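Predicted model only: the values in this text are computed from it and were never measured.
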Amino acid sequence: MITSDEMAVVDANSEALGVPRKQLMESSGNAVAREVRARTEAGDAVALVCGRGNNGGDALVAARFLRTRDVTVHLLGRPETITTDIARENWDALGQTDIDARVVTDSRGFDLDSPAFAVDAMLGTGVTGALREPEATVAHALNDADVPVLAVDTPSGVDADTGTATGVAVDADAVVTFHDTKPGLADLDADVTVADIGIPTAAETFVASGDLLRLSRLPDSHKGDHGEVLVVGGGPYTGAPALAAQAALRAGADLVRVACPDAIASDVQGYAEDLIVHGYEGRRLASDHVDEVLARAQEHDTVVFGPGLGDHDATLDAVASFLERYDGTAVVDADALQVVPEVETDATLVCTPHQGELRAMGGETADDPERRASLVESFATEVGHTLLVKGAEDVISDGESTRRNRTGNPGMTVGGTGDVLAGTVGALACLLCPRDAAAVGAYANGRAGDLVHESLGAGLTASDLVDALPRAFEGE
């Protein structure tokens, strides 16, 4: 089962992996035609009611495969307003055939002409809310007609994720949906067929540019809408918390603050004027600071805990005390990771270990990518947190679903790249669920490394990654 948003990601990832949407539409249209042929007889009159998006495009393709039926295509709206290139190409292709293709510019005059069978391809899974015109009038006409109706992907007017309808919806007798069933189809009084349209397994296994569809910004956004991040780090090191904080800003967080020892606060502030730095007494994090850090953490959407903290016993005790009392979302990195398996916490954690840190936490690894992914998934189940295990191929798992990421290059073995990743995931975790934040963060971080490698070669630095992050989020 797959939601409409997830299906959009999978479609885009499929294209990124070399299976274009045009090919998927051809397969979808063929699947629609198969269902029509299975439910009708040769010579039957079939009306295909098509919207101006890709859902309508599927039916336009289907019309070409229904040579033994008496097909009429009804396009709702002018051809020049078809919204996608591939749907428009398939409309143009119909013009080279003898198929009866009609343009409906006024729904008040819509007439099915009493076919033996009708196809509802007005709106697909990505459209929610009440039907507007002309779709609302046409939906009434389909419901009033004494004719079986096959819906493409989901009946128009029915939310594919919830199964609910706001106002009129097409009362379909059957549905042909693609790749996987949708949650909202389960309770429909209709026969549901799931058609395999050739989406590769890799489109769901590997993180790709389609995953960037999970991110969006509304035109009327305000400061804070895209998250506030607190980076807790530093002591032995000053660059690590600064890199993580700058990465969080570049990854889209609206405000980023750093909590670090007073002894290094001015150094951390000196890395970038955009950072807001709060110092606490001493040279390293200790138990005496936990109350203060917790109070600051409660004012943020996400905490990035660990960059540059070091592994002093007093510091690790403080990390454990913080996690025991914290119930928000935190990205845990570097030396702070080693306390996670032993801590009882109500916090939602994303842990970002490399291979050595994973083993120190009690996890296992393997050279074979599939075996390694399976081991990470098992360990994520065991610790009860989301894992992003860094490597030549990153593995992301929350114990229920596992993704792999192939962006990045050997130049990223340079120090500080893990801090950039932690900050990136911290920003994304303000808006996305932990698994998606980790997956998109791994992709963007690796993509930034690839962009830098293309321009500078192998001698990249972590600061180069920070600068390249905005372009990485633009996709390919």
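Sorted by first then second residue, the ring-ring contact (aromatic ring centres under 6.0 Å, His included) pairs that include residues 152-171, not counting sequence neighbours, number zero. Annotation: salt bridge (charged side-chain N to carboxylate O under 4.0 Å, His left out) contacts involving residues 34-45, sequence neighbours excluded, comprise E35-R39, R39-D191. For residues 420-433, no residue pair satisfies the side chain to side chain donor-acceptor pair (under 3.5 Å) rule, not counting sequence neighbours. Listed by first then second residue, pairs satisfying side chain to side chain donor-acceptor pair (under 3.5 Å) with a partner in residues 341-352 read D333-T352, not counting sequence neighbours.
In this structure, a donor-acceptor pair under 3.5 Å is present between the side chains of D211 and N13. Side-chain contact, S397 with T402: a donor N or O sits under 3.5 Å from an acceptor N or O. Between the side chains of N409 and D450, a donor-acceptor pair is found at a separation under 3.5 Å. Checking T83 against R52 by side-chain atom types alone, no donor-acceptor pair falls below 3.5 Å. Using modelled atom types, one finds no donor on one side chain facing an acceptor on the other under 3.5 Å when comparing T128 with D159.
Looking at residues two or more places apart in sequence or on another chain, you find a side-chain contact (heavy atoms from CB on, under 4.5 Å) between T201 and T205. Under the ring-ring contact (aromatic ring centres under 6.0 Å, His included) criterion, F322 pairs with F305, Y326, not counting sequence neighbours. Every residue two or more places apart in sequence or in another chain that forms a ring-ring contact (aromatic ring centres under 6.0 Å, His included) with F110 is listed here: H74. Taking the side chain to side chain donor-acceptor pair (under 3.5 Å) definition, one finds that T137 meets it with E133, sequence neighbours left out. Listed by chain and number, the residues in a side-chain contact (heavy atoms from CB on, under 4.5 Å) with S401 are D398, R435 (sequence neighbours excluded). Remark: T162 engages T164 in a side chain to side chain donor-acceptor pair (under 3.5 Å) (not counting sequence neighbours). For R471, the side-chain contact (heavy atoms from CB on, under 4.5 Å) partners are L451, A468, E474, not counting sequence neighbours. Every residue was checked against the ring-ring contact (aromatic ring centres under 6.0 Å, His included) condition with F65, not counting sequence neighbours, and none meets it.
Each of T177, D161, I199 was scored for a side chain to side chain contact (heavy atoms under 4.5 Å, CB included) with M7, with one residue passing: I199. Screening V207, N405, L421 for a side chain to side chain contact (heavy atoms under 4.5 Å, CB included) involving D394 leaves a single residue, N405.
Taking the charged nitrogens against the carboxylate oxygens, E364 and R359 have no contact shorter than 4.0 Å, which rules out a salt bridge. Under a 4.0 Å N-O distance rule, the pair R403/E204 does not qualify as a salt bridge. Under 4.0 Å is where a charged nitrogen must lie from a carboxylate oxygen, and between R21 and D85 no such pair does.
Residues A45 and P115 approach most closely at O-CB, 3.5 Å, considering heavy atoms. Of all the heavy atoms in A438 and L388, the pair that sits closest is O-CD1, 3.3 Å.
In this structure, E370 places its CD atom where only 12 or fewer heavy-atom neighbours from other residues, nucleotides or ligands lie under 6.0 Å away. Counted within 6.0 Å of CZ on R67, heavy atoms from surrounding residues, nucleotides or ligands total 12 or fewer; the atom is thus considered open. No more than 12 heavy-atom neighbours from other residues, nucleotides or ligands sit within 6.0 angstrom of CG on D189.
N143 contributes a side-chain N or O that, together with a main-chain N or O of D171, makes up a donor-acceptor pair within less than 3.5 Å.
Here the CZ atom belonging to R214 is positioned 4.0 Å from the CG atom belonging to D436, to the nearest 0.5 angstrom.
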